[in-house]
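Note on naming: letters A, B, ... go to the chains in the order of the sequence lines (proteins, then strands), and numbering restarts at 1 for each one. Remember, predicted model here, so these are calculated numbers, not experimental data.
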Amino acid sequence: MLQRTMSIELHRVQGKYNYDRLADAVVCVDKKVNFYGIVAEYEQPKSTRGDDCLCTMTVVDMSYNTPGLRVLYFAPADQMPRVNTVGDIIRFHRIQMRSHADAPQAIGNPKYGASFVLLSGLEGDGYEPYQKSHSRYSVEAHDRDIVDLLRTWASSHPIDTFAGTNKYMKQIKDINVESYFDLCCKILYVNEQSAENSVIIYVWDGTDTSPACLNPVEQGESDDPGQDLWSAKELALPVDVMRSFPVLGTVLPLVPFDVAEDDSGPQIPLAGDWVKLRNIGCRIRKGLYEGIFLHKSKIGILSPSTQAVQNCERAYKERLTSETLRLPQWCPKPPQSMLVTGYDHVKVSTLREVLTHPQVTNKFRCMVRVMATWPTDVLDFCVPLPESTAGGKDQPEQGAFVYAVRFTLEDPTGRLHVFLYGQDAVDFFVGYPAVDLRQQGDTVGALKRKVDRLLGVSESGPSNPPWVNCCLMSYYLDKERPHDTRRFRIFGTRFPG
DNA sequence: TTTTGGGG
């Protein structure tokens, strides 16, 4: 009914311009046409190898709503259509119809006469464009009729029916370095402090990346694997920034995000926006996933009402409410741990919750993987007790040694250095008190077997640490500066066997 | 008038 009405309207043209329905436009290959469309997908402008920028979009109307018509618009950066929201209405004049890969497409270029106006797709929002490519434009009676028809139709056709998921779409939990993919995700943080003209954006969809291995090439490159490769700095965003993040789910950095500047400023997505990243890749650096924004990648806007966004938010809310779903998604269920704590009834916290806890001193239970130890050699796990506690210089106390070890812990939300020290370590290693390990070969062998199990060391292939639960306690070194001198240590955790 | 890029 509406289709017929629009058809009648379109052919009863009184104004200067004749507008085609999209179904009619797509058969006009190699001709220039005028049409109205609802923007179902829109990707931000990006630079090309040529002089112009390019932005792409998919437009639909009631005559042509699946899969819609792809539009490519070439123009200088300051003449790009800047679509506010999926669902807005765009009008093109003198846009060239073409065929590519057996599908119709429209190519617009103001150099060859193309123009556009953009206006809201909501009923009752008036007829004043919020952006126009030229200062002279007209909105006649029949333009208002077409806008009304499109708005009415769109109000009963949610945008999801236009821009659903596709075969390239992945969740963060399923990404791997072998393929390119699309991601529907929320921008949590935009770091503009990094290199000039480049920013790092941090994205999230509520799911957890799979455990990553260290790249053997990187291992070879590192001078000091224990200290450098497992640096906790890689994830060290300011605590107040991390505190604004959701407590579950991996936050994926996206690098490098090249910024196309123009007169209206750089086109950087804003924190809080949901976007569809198109055709991005990923890699593993220092054991952590990074998204890679390639020259073929694009960033598309998403309405928060989109089904894909709603699905992310619903799944995340469900994760929050369930003890089991809160656990890392790649951790076996029910969880098995070679470490035993005396606090298995205590709720499991993510490392992000640990890192952002408002109180400096607190206790937690975490489900983590032990990625590395420092020292790396078990032989160096015990050190002589400091003299002040070990007795006089002239009479060193027999066996006055103490464990002093640092573990690098990881879960999908973060990486954390924790200390295993003193009596907590004696309890942890069960049956192996601190000794001068250079004098105790049997103890060294037993400890090494335990540590290798903890690190998931295997004869063939890279280490794959198992998931373990452990108790952590935060404390400070300097009472005057508790936040700046906060440290973490393992307590109440045993490694029997 | 028709390069750029177009889900590589």
Side-chain angles (χ1 to χ4, degrees), chain A residues 22 25-35 37 39-60 64-83 86 90 92-116 133-134 162-172 174-185 203 254 256-262 267 275-283 291-302 306 308:
Chain A
L22 294 182
V26 295
V27 298
C28 299
V29 176
D30 295 331
K31 293 195 181 74
K32 277 185 180 166
V33 297
N34 312 314
F35 59 70
V39 179
E41 295 181 295
Y42 171 78
E43 292 86 35
Q44 300 284 4
K46 47 185 288 178
S47 53
T48 67
R49 288 191 292 114
D51 298 330
D52 291 326
C53 284
L54 165 68
C55 92
T56 51
M57 67 186 84
T58 304
V59 297
V60 299
Y64 200 77
N65 68 343
T66 31
L69 173 64
R70 287 296 284 172
V71 178
L72 288 72
Y73 198 86
F74 293 96
D78 59 354
Q79 294 174 48
M80 284 278 118
R82 308 279 182 179
V83 174
V86 164
I90 194 163
F92 287 108
H93 284 171
R94 293 171 296 271
I95 193 165
Q96 175 91 44
M97 296 308 297
R98 293 244 202 102
S99 178
H100 175 72
D102 291 330
Q105 64 177 197
I107 314 282
N109 191 328
K111 237 179 288 182
Y112 306 122
S115 69
F116 68 87
S133 58
H134 298 73
F162 313 143
T165 60
N166 60 50
K167 62 177 173 170
Y168 306 102
M169 193 71 89
K170 277 191 181 177
Q171 292 181 290
I172 285 177
D174 296 315
I175 66 175
N176 60 63
V177 296
E178 275 97 50
S179 62
Y180 304 118
F181 49 89
D182 293 359
L183 213 54
C184 161
C185 55
V203 303
L254 188 63
F257 190 81
D258 287 319
V259 180
E261 295 245 17
D262 69 38
Q267 291 297 302
V275 295
K276 179 174 164 185
L277 300 174
R278 276 177 69 139
N279 211 10
I280 63 167
C282 74
R283 66 185 180 198
I292 313 173
F293 204 82
L294 306 145
H295 50 290
K296 291 278 184 176
S297 304
K298 287 208 275 284
I299 183 156
I301 56 174
L302 279 180
T306 303

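- At least one side-chain nitrogen or oxygen of Arg98(A) sits closer than 4.0 Å to the OP1 or OP2 atom of dT3(B).
- Looking at the side chain of Arg49(A), the nearest of the listed nucleotides dT4(B), dG7(B), dT2(B) is dT4(B).
- Side-chain atoms of Lys32(A) lie closest to dT1(B) of the nucleotides dG7(B), dT1(B), dG6(B).
- dT2(B) atom P lies 17 Å from atom CD1 of Ile95(A), rounded to whole Å.
- In terms of phosphate contacts, Lys298(A) brings a side-chain nitrogen or oxygen within less than 4.0 Å of OP1 or OP2 of dG6(B).
- Side-chain atoms of Ile95(A) and Lys32(A), non-hydrogen and from C-beta on, never get closer than 4.5 Å to each other.
- Arg278(A) is linked by a salt bridge (charged side-chain N to carboxylate O under 4.0 Å, His left out) to Glu43(A), counting only residues two or more places apart in sequence or in another chain.
- Applying the side-chain contact (heavy atoms from CB on, under 4.5 Å) criterion to Asp51(A), with sequence neighbours excluded, gives no partner residue.
- Straight-line distance between the C1' atoms of dT2(B) and dG6(B): roughly 15 Å, to the nearest whole Å.
- Not a single salt bridge (charged side-chain N to carboxylate O under 4.0 Å, His left out) links Arg94(A) to another residue, sequence neighbours left out.
- Under the side-chain contact (heavy atoms from CB on, under 4.5 Å) criterion, Lys111(A) pairs with Asp52(A), Asn109(A), sequence neighbours left out.
- In this structure a side-chain-to-backbone donor-acceptor pair under 3.5 Å is present from Lys46(A) to His295(A).
- Distance, Lys167(A) NZ to dG7(B) P: 11 Å, rounded to whole Å.
- By the side-chain contact (heavy atoms from CB on, under 4.5 Å) test, Gln79(A) is found to be paired with Ala75(A), Pro76(A), Pro110(A), residues two or more places apart in sequence or in another chain being considered.
- Thr58(A) pairs by the side-chain hydrogen bond (donor to acceptor under 3.5 Å, both in side chains) definition with Glu41(A), Arg70(A), not counting sequence neighbours.
- Taking side-chain N and O atoms only, Arg70(A) has no distance below 4.0 Å to OP1 or OP2 of dG6(B).
- Summarising the geometry, the separation between NE2 on His295(A) and P on dG7(B) is reported as 14 Å, rounded to the nearest angstrom.
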A correct dot-bracket answer for DNA chain B, with pairs being Watson-Crick or G-U at under 3.5 Å, [ ] for crossing pairs and | for inter-strand pairs, is ........
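- Following rounding to the nearest Å, Arg94(A) (CZ) and dT2(B) (P) show an atom-to-atom distance of 18 Å.
- Summarising the geometry, the separation between NZ on Lys46(A) and P on dG6(B) is reported as 6 Å, rounded to the nearest angstrom.
- In this entry the distance linking CG of Leu72(A) with C1' of dG5(B) reads 6 Å, nearest Å.
- Residues that satisfy the side-chain hydrogen bond (donor to acceptor under 3.5 Å, both in side chains) test with Asp182(A), not counting sequence neighbours, are Asn166(A).
- Within residues 104-112 of chain A, the residues that have a heavy atom under 4.0 Å from DNA chain B are, in order of number, Gln105(A), Ile107(A), Asn109(A), Lys111(A), Tyr112(A).
- Spacing between atom NE2 of His100(A) and atom P of dG5(B) amounts to 12 Å, rounded to whole angstrom units.
- One atom, CG of Asn279(A), and another, C1' of dG5(B), lie 13 Å apart when rounded to the nearest Å.
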